[in-house]
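Values in this document were obtained by computation on a predicted structure and should not be read as measured data.
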Amino acid sequence: MIKHFDKYIFLRLFAITAFVLLMLIFIFIMIDFSENSDDFADQGAQMAEIFRNYYLNYVPEMTRLVLPVAVFVACLFLTGQLSDRLEITALKAAGVSLYRMIVPYIVFAALCAGGISLLDAHVIPKSNAQRIAFEEQYLQDKSEKIDRSDIYRQPSPDTKLQVNYFDKNQQIAYRIRLIQFKDQQIIKSTRANRMEWVDSTQSWRLESGTERVFTDVGYEEEDFIKKDTVLNVFPRDLARTTSDVYQLTYEEARDYIASIERSGAGGIEIPQVQFYGRLAYPFSIIVVIIVGFSFASVRRRGGKGAYLAAGLTISFLYLAFMKIIEPFGYYGTLSPELAATLPHIFFFLLGIGLLIEAKK
């Protein structure tokens, strides 16, 4: 009997989750299109490329974001139905523990979490990169730059770089100042109007500049038209946005964070919180399954409407808690790891408490 129950729960969860997921994605696309249709028209975007290059590439990210909500609604709806029909009561009377009943739920949630984690590690970053490139072309206000002007980097312990402005698309920096130190004394200062990235040599080409070499008795000055130099700074280190981490695989994201640390840039906590948040987010599917099953397994007044209303409320509180905690990690009040995982830990403990209470 219990094997038939497991199969029934798994298939029903899959069907309801798929339906809710499709509905949420459809609603999201309709709302987003209504908000951005004027911008698309003003920038000359064609309808075919809007849906092919933008929305099709948005579907994987939307799936990642709303799957926990879809699983939660499916869990509440199905478990509430079983509870209203007294099927859970009958299973308890037959000697089936509530802890045993939740097993197919946990298996389904774990498979969903694993699937989303694989997508987020390999597929979603590529689709996000194409979608964000489309946004930068047609919805320029969507891209939030971390560094806009007067960019400072430290390529090495004895070198400091100042860039007035960096053009990400052309990979050209304007109004450059490069200072080298030795024993806390300036030994060389270089100014240039432009600094262009040369991909073939993985180096920077300074143009129209002046180099001063300081000595004990003064300095020697030399003007140059072009000069190549190798710096421990790459174009991505000068053109950071809040969406960078979401365009990188897990391994690339680790390298990206390491490059920020290496270059001496500020605001490293933002990508760290985002990265750890990506790693922890699939776990939220397991958390909401436990919370949803524990809540809905107890028969309550109001029927399915009460369960769905409670589900939406809990989902909102969960997401709100995540958004409230994130800034504490951005500004160093909490460690990036704790800021990314604290909401999941809190609601996991809440779910365990509800499950223990429901078993009584």
[Y] and [X], any side-chain heavy atoms less than 4.5 Å apart:
X	Y	answer
Gln46	Arg52	no
Lys182	Asp158	no
Arg12	Phe77	yes
Ile124	Tyr246	no
Asp167	Tyr174	yes
Leu161	Ile176	yes
Gln171	Phe234	no
Val66	Leu21	yes

Go through it in stages, so that I can follow the logic: the residues are Leu13 and Val71, the test is side-chain contact (heavy atoms from CB on, under 4.5 Å), and I'd like the CA-CA distance, side-chain angles, deciding distance and then a yes or no. CA-CA 7 Å; Leu13 279 175; Val71 170; 5.9 Å; no
Tell me whether the count of non-hydrogen atoms from other residues, nucleotides or ligands lying under 6.0 Å of [atom1] in [X] goes above 12.
X	atom1	value
Phe316	CZ	no
Phe14	CZ	no
Phe26	CZ	no
Phe321	CZ	yes
Glu221	CD	yes
Phe19	CZ	no

N/O donor-acceptor pair under 3.5 Å between [X] side chain and [Y] backbone:
X	Y	result
Asp244	Thr241	yes
Gln81	Leu78	no
Glu251	Arg254	no
Ser284	Val287	no
Thr159	Pro155	no
Ser83	Gly80	no

[X] to [Y] - nearest heavy-atom pair and separation:
X	Y	result
Ala253	Leu248	N-CB, 3.8 Å
Tyr138	Glu49	OH-OE2, 3.3 Å
Asn232	Asp237	O-OD2, 4.5 Å
Ser37	Ser34	OG-O, 3.5 Å
Ala339	Val273	CB-CG2, 4.5 Å
Tyr281	Leu65	OH-O, 2.5 Å

Without placing hydrogens or testing angles, list every side-chain donor-acceptor pair under 3.5 Å for residues 196-207, not counting sequence neighbours.
| from | atom 1 | to | atom 2 | distance (Å) |
| --- | --- | --- | --- | --- |
| Glu196 | OE1 | Arg194 | NH2 | 3.3 |
| Trp197 | NE1 | Asp199 | OD1 | 3.3 |
| Asp199 | OD1 | Gln202 | NE2 | 3.2 |
| Thr201 | OG1 | Ser203 | OG | 2.6 |
| Gln202 | NE2 | Asp199 | O | 3.0 |
| Trp204 | NE1 | Val233 | O | 2.8 |
| Arg205 | NE | Asp228 | OD1 | 2.8 |
| Arg205 | NH2 | Asp228 | OD2 | 3.4 |
| Glu207 | OE1 | Arg194 | NE | 3.1 |
| Glu207 | OE1 | Arg194 | NH2 | 3.4 |

Look at the side-chain heavy atoms of Ile, Leu, Val, Met, Phe, Trp and Tyr, link any pair under 4.5 Å apart, and say whether Val230 and Phe166 land in one connected group. no
Let me check something: do Met30 and Met47 share a hydrophobic cluster, defined by ILVMFWY side-chain heavy atoms less than 4.5 Å apart, either directly or through other members?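 Yes, one cluster joins them.
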Which atom pairs, one a donor and one an acceptor, fall under 3.5 Å between side chains of residues 344-355 and the rest of the protein, sequence neighbours left out?
| from | atom 1 | to | atom 2 | distance (Å) |
| --- | --- | --- | --- | --- |
| His344 | ND1 | Tyr318 | OH | 2.8 |

Looking at [atom1] of [X] and [atom2] of [Y], how far apart are the two atoms once the value is rounded to the nearest 0.5 Å?
X	Y	atom1	atom2	value
Gln180	Ser156	CD	OG	7.5 Å
Thr210	Asp223	OG1	CG	4.0 Å
Tyr219	Arg212	OH	CZ	4.0 Å
Asn53	Gln137	CG	CD	9.0 Å
Gln162	Ile179	CD	CD1	7.5 Å

Report the C-alpha separation of Tyr58 and Gln130 in whole Å, then their side-chain angles, then the decisive distance to 0.1 Å, and conclude whether the side chain to side chain donor-acceptor pair (under 3.5 Å) test is met. CA-CA 9 Å; Tyr58 214 154; Gln130 296 179 44; over 6 Å; no
Can you list the other members of the hydrophobic cluster that holds Leu56, where links are side-chain heavy atoms under 4.5 angstrom apart? none
Holding to side chain to side chain contact (heavy atoms under 4.5 Å, CB included), I want the full list of residues that pass it with Arg191, two or more places apart in sequence or in another chain. Arg177
Side chain to side chain contact (heavy atoms under 4.5 Å, CB included) filter on Leu279, not counting sequence neighbours, yields Tyr250, Phe275, Tyr276
List the steps, then state whether side-chain contact (heavy atoms from CB on, under 4.5 Å) holds for Leu82 with Tyr8. CA-CA 11 Å; Leu82 294 174; Tyr8 170 78; 4.2 Å; yes
Salt-bridge criterion met for Glu136 and Lys168 (N-O under 4.0 Å):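 Between Lys168 and Glu136 there is a salt bridge, with a charged N closer than 4.0 Å to a carboxylate O.
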Does Arg64 pair with Glu61 as a salt bridge, N-O distance under 4.0 Å?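 Salt bridge: yes.
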Would you say the rings of Tyr54 and Phe40 are close, in the sense that their centroids are separated by under 6.0 Å?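 Centroid distance Phe40-Tyr54: below 6.0 Å, so yes.
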Donor-acceptor pairs under 3.5 Å, side chain of residues 96-119 to any protein atom, not counting sequence neighbours: which ones?
| from | atom 1 | to | atom 2 | distance (Å) |
| --- | --- | --- | --- | --- |
| Ser97 | OG | Tyr99 | N | 3.1 |
| Arg100 | NH1 | Asp6 | OD1 | 3.3 |
| Arg100 | NH2 | Asp6 | OD2 | 2.7 |
| Tyr105 | OH | Thr79 | OG1 | 2.9 |

For a side chain to side chain donor-acceptor pair (under 3.5 Å) check, start with the C-alpha distance between Asn57 and Arg131, then their side-chain angles and the critical distance, and finish with the verdict. CA-CA 6 Å; Asn57 285 314; Arg131 172 180 61 83; over 6 Å; no
Stepwise side-chain contact (heavy atoms from CB on, under 4.5 Å) test for Leu231 and Met195: CA-CA 11 Å; Leu231 298 174; Met195 183 174 73; 4.2 Å; yes
Do Ile289 and Phe72 pass the side-chain contact (heavy atoms from CB on, under 4.5 Å) test, and can you show the C-alpha distance, the side-chain angles, and the key distance before you say yes or no? CA-CA 6 Å; Ile289 275 282; Phe72 192 34; over 6 Å; no
Just do the side chain to side chain donor-acceptor pair (under 3.5 Å) check on Tyr55 and Asp32 with the steps written out, would you? CA-CA 9 Å; Tyr55 286 115; Asp32 188 83; 2.8 Å; yes
